[in-house]
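Note sheet for the following structure.
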Amino acid sequence: MYVAVKGGERAIGNAHAWLDEARRGDPALPELSVEQVEQQLGLAVDRVMAEGSCYDRGLAALAVKQARGDLIEAAFLLRAYRTTLARFGSSEPVETGAMRIQRRISATYKDLPGGQVLGPTFDYTHRLLDFALAAEREAVPPAPEAPADPAPMPRVTELLAREGLMRRDATDDAEPPDLTRDPPSFPVPRAAWLQALARGDEGFLLGLGYSTQRGYGNSHPFAGEIRMGEVTVEFTPPELGFAIELGEVVLTECQMVNQFAGSKSEPPQFTRGYGLVFGHGERKAMAMALVDRGLRSAELGEPTDAPAQSQEFVLYHCDNVEATGFVEHLKLPHYVDFQSELEKVRALRREAGR
Amino acid sequence: MTEAGYNFGYLDENTKRMIRRALLQAVALPGYQVPFGSREMPLPYGWGTGGIQVTASIIGADDTLKVIDQGADDTTNAVSIRRFFNRVTGVATTDRTAEATIIQTRHRVPEMTLREGQVLVYQVPMPEPLFRLEPRVAETKRMHALADYGLMHVKLYEDIARHGAVTTSYNYPVLVNRRYLMSPSPIPAFDNPKLDRMPALQLFGAGREKRIYAVPPYTEVKSLDFEDHPFKPARADAACVICGSRASYLDELIVDDGGKRHFVCSDTDYCASRPPLQEAAE
Amino acid sequence: MISAGFADPAQDSQRSFRAVLEAISRPGRIFALPPLAEPPAPLRGALASVLLTLADADTPVWLDAAAPLDWLRFHCGCPVVAQPGAARFVVATGAMPALAGLARGTEEEPHLAATLLLQVASLRAGEGWRLTGPGIEREHRLAVAGLPADFLAQWAANAAGFPRGVDIVLCAGDSLACLPRTVRIEEAG
């Protein structure tokens, strides 16, 4: 008798109960609170907000807890929640030039107005496991603080632009497309691919950005500037007609500077690749900026044969919720198709044996 | 009773309207893939998000829903999707093909001939029939516009030249209403003839790829072939050990360590509606 | 005073949609919609229900009557355009706008075509035109009162452009029938 798939409903219920138990772990240990996740696994929360494209630390922390630390699963949970939310409108563009800086570095200038601010970075830590962290610690002494420098921190690319050395990107006041509402029709405008990259998988973009450095896309990038901090989000309700402040979000922005040999109509100059992500996501912002520059190759009259230069390749494959779904769906039953393949292979072998 | 906090059918009314408009265009363009603003569903891509969005956009309180995966109502994903609709619509569900007004399916077409008034909703992983031959969507779009399906004919011809037969055994491409090349979804080629001039409406949803397409009732659906190599649907040359059917599509089961094989109907409702064989008959 | 739309938007629009889906799947067959309490004149029940079911902020609408505009904007929130050629839904309660002047999509994107919602005097099954094509087992018969004299010539030109082309929803009172661009129409004979 055929019992393999009977009782599916009960099996699912039992699996969910087991999942719940496994998530909790040893009940003798205190349960992890959502607040602890939010505070102490903050970069996981940031990544989930970025790839879940929903800025809510509490919900992202809940998703991380519910997903047992599987960050792609957590991003999926957050997206599935986000899609049910009513839309009241779009915010005004955020001004990253007015960011309240926690970190700001430039690899292209030794010093520049506003200075270099290292911020909370792993960059110069020695990657030695810190066994002190394995034990409960006394309160961590606060890091030394200096008074904030009131001087403005102009973006490095602005400094280059004033000298005429940075290519002015076409500005466009058109409403940007929204890939979560309308399917892309290729070729898409830059605003559409920036949206896709900002939501895209950090690992995928990292590999793709890396490939542009290794010759698949011929880029010569300099990290013109990376900045991270709070920016103000404003919204203009139609009934008011003026912008009101909704709050602040932490963003990481990266501007990669690339040489551009120029064309018949343009002198040699620098071009930029742009990365912007929710939270503190420096690796992602940098990789995004490399891939953005790769995708601009068509606009700049450069070859477009590397993976990071193909809109379809990048946009169709950078979304980890889509990718994980299609890869993982292979574990769903496929025995009907497999049966047809079995019959086909047997028939072809009979034919070949004759 | 439906899940608190969610609209009937889970999707909001704006989304349903967008999908409904896409469905009407799809029916007017048999076999053409209509792009739609696929939403992020609470089930993973690949689990049937396209079919679920189509079903959620057409289902009403008077409907009776059947969900099958691999032909069976009791496969885990079919159970899960049926439960989802039960939670978000409260509509009646059934295992009986004859009683259903909407049948959502993955990988099979029921054995029973469907009738007018029924809608068959297919879950589609990859709507583009040409994708293995040309992965660029901008290119395949152009080919569909020109009805330029030479690539596919060459592929099938090369199969025959090399192997004496077409090697595709499922997701076998069809030409709809003599115009659009269409993926019938990964159903076995055995099921292809059922699509041709089916009295029921057939709708196809691909969530991750954001495409909807349709075959209206009584519409010609032709599996691609050549005059000297006509299309031949295949099934295992065996009888179901439960009902004895030699006409239905069969699943192959390995029943012992020696590799002994049994065959049973893939369509569980079809099998259950037939008189069982006597024990000895096996 | 703007008259009411659907009493239960989720359920009523689902019922109307299923009728339209069945109608476009079985061209020429007549389907009755649940009556609408107060359709705004000159729109009758079926045409008003189809708009409530399908039109919204994403669908520009052209309308040949001014009276229902407030109703339309209030219930559907759709942009109203001045040229029929710019509309996704073209609504005609009087003379039919020329089909050739409506959006017919492109060869690559034929789904970007307009749908003409045409209110006619009457629809009768079992007599009149002979319809064949996808959705029809042998033939459907449909008699339509209130179409321009050259309708069949316009329709033949529309169908010849397949996959580009306009689909028509014929509405009479609380009933409707559809003519998708795939349907072939022959004069009664």
Side-chain angles (χ1 to χ4, degrees), chain B residues 7-9 11-14 16-37 57-63 89 101-102 116-117 119 138 141-147 176-177 179-180 197 199-203 212-221, chain C residues 6 8-27 29 50 52-59 76-78 88-89 105-115 132-140 162-169 178-183:
Chain B
N7 192 27
F8 180 86
L11 298 174
D12 60 276
E13 291 300 308
N14 274 317
K16 286 188 201 167
R17 258 195 303 276
M18 174 271 295
I19 294 174
R20 287 167 178 169
R21 290 191 296 261
L23 285 169
L24 297 179
Q25 287 291 327
V27 173
L29 290 159
Y32 168 78
Q33 302 164 46
V34 180
F36 80 110
S57 301
I58 65 173
I59 199 165
D62 307 330
D63 277 307
T89 67
T101 54
I102 299 173
E116 289 195 15
V119 183
K141 202 162 138 181
R142 194 188 56 76
M143 292 175 186
H144 286 295
L146 300 170
V176 179
N177 197 33
R179 175 57 181 81
Y180 282 109
R197 302 187 59 79
L201 171 63
Q202 302 174 73
L203 304 176
I212 281 172
Y213 52 101
V215 176
Y218 305 113
T219 299
E220 184 184 297
V221 177
Chain C
F6 284 140
D8 182 342
Q11 301 298 335
D12 293 350
S13 59
Q14 187 273 338
R15 280 189 200 101
S16 291
F17 171 70
R18 277 294 274 284
V20 179
L21 181 65
E22 275 294 304
I24 200 158
S25 300
R26 304 178 193 282
R29 202 178 276 180
V50 172
L52 290 173
T53 303
L54 296 174
D56 61 24
D58 292 331
T59 59
C76 303
C78 52
R88 172 70 180 78
F89 291 109
T106 65
E107 294 287 342
E108 285 200 355
E109 300 193 308
H111 65 285
L112 301 179
T115 303
T132 52
I136 299 170
E137 187 175 14
R138 287 181 200 85
E139 66 172 22
H140 287 169
F162 189 87
R164 303 180 65 208
V166 173
D167 308 314
I168 302 181
V169 182
C178 288
L179 302 175
R181 67 200 88 164
T182 47
V183 74

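First the proteins, then the strands, lettered A, B, ... as listed; each starts at 1. Hydrogens, waters and symmetry mates play no part in the numbers below; they use all other heavy atoms, side chains included.
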_Under a 4.5 Å cutoff for heavy-atom pairs, which residue among Gly165(C), Ser13(C), Ala57(C) has the most contacts with chain B?_
Ser13(C)
_Testing the basics here: between Tyr32(B) and Glu108(C), what is the closest heavy-atom pair and its distance to 0.1 Å?_
OH-O, 3.3 Å
_Heavy-atom closest pair, residues Phe162(C) and Pro30(B)_ = CZ-CD, 4.3 Å
*Please check if the side chain of Gln14(C) supplies one atom and the backbone of Ser57(B) the other of a donor-acceptor pair under 3.5 Å.*
no
*Of all the heavy-atom pairs spanning Pro163(C) and Leu29(B), show the shortest one and how long it is.*
O-CD2, 3.3 Å
*Heavy-atom contact with chain C under 4.5 Å, split by part of Ile102(B)*: side chain
*asked:* Is it the case that the side chain of Arg197(B) and the backbone of Glu137(C) share a donor-acceptor pair, with hydrogens and angles ignored and the cut-off at 3.5 Å?
replied: yes
*Does any non-hydrogen side-chain atom of Lys141(B) lie less than 4.5 Å from one of Glu109(C)?*
yes
*So which part of Asp62(B) gets closer than 4.5 Å to some heavy atom of chain C, the side chain, the backbone, both or neither?*
side chain
*Which bit of Val183(C) is near chain B, if near means a heavy-atom gap under 4.5 Å: side chain, backbone, both or neither?*
neither
*Given a strict heavy-atom distance threshold of 4.5 Å, which part of Asp63(B) is in contact with chain C: side chain, backbone, both, or neither?*
side chain
_Under a 3.5 Å distance rule, please check whether Arg21(B) uses its side chain to pair with a backbone N or O of Leu54(C) as donor and acceptor._
yes
*Exam field: side chain Arg18(C) to backbone Ile58(B), donor-acceptor pair closer than 3.5 Å*: yes
*So which part of Pro27(C) gets closer than 4.5 Å to some heavy atom of chain B, the side chain, the backbone, both or neither?*
neither
*Minimum-distance pair of heavy atoms, taken over all atoms of Gly135(C) and Thr219(B)*: N-OG1, 3.6 Å
*Per-residue contact mode, Leu146(B) against chain C (heavy atom under 4.5 angstrom)*: neither
*asked:* Taking every non-hydrogen pair under 4.5 Å, which of Ala10(C), Gly133(C), Pro110(C), Pro180(C) racks up the most with chain B?
replied: Pro110(C)
_Check against side chain to side chain contact (heavy atoms under 4.5 Å, CB included), Leu24(B) and Asp167(C)_ = CA-CA 9 Å; Leu24(B) 297 179; Asp167(C) 308 314; over 6 Å; no
_With sequence neighbours excluded, residues passing salt bridge (Lys or Arg N to Asp or Glu O under 4.0 Å) with Arg20(B)_ = none
*Any chance you could measure Ile24(C), atom CD1, to Gln25(B), atom CD, to the nearest 0.5 Å?*
7.5 Å
_Nearest 0.5 angstrom please: Leu52(C) CG to Arg17(B) CZ, how far?_
9.0 Å
*Non-hydrogen atoms of chain C under 4.5 Å away: do they reach the side chain of Glu116(B), the backbone, both or neither?*
both
*Specify the closest pair of heavy atoms between Gly117(B) and Arg26(C), including all atoms of both residues, with the distance to one decimal.*
N-NH2, 3.7 Å
*Under 4.5 Å from any heavy atom of chain B - which part of Arg88(C)*: side chain
*Leu179(C) versus chain B, heavy atoms under 4.5 Å apart: side chain, backbone, both or neither?*
neither
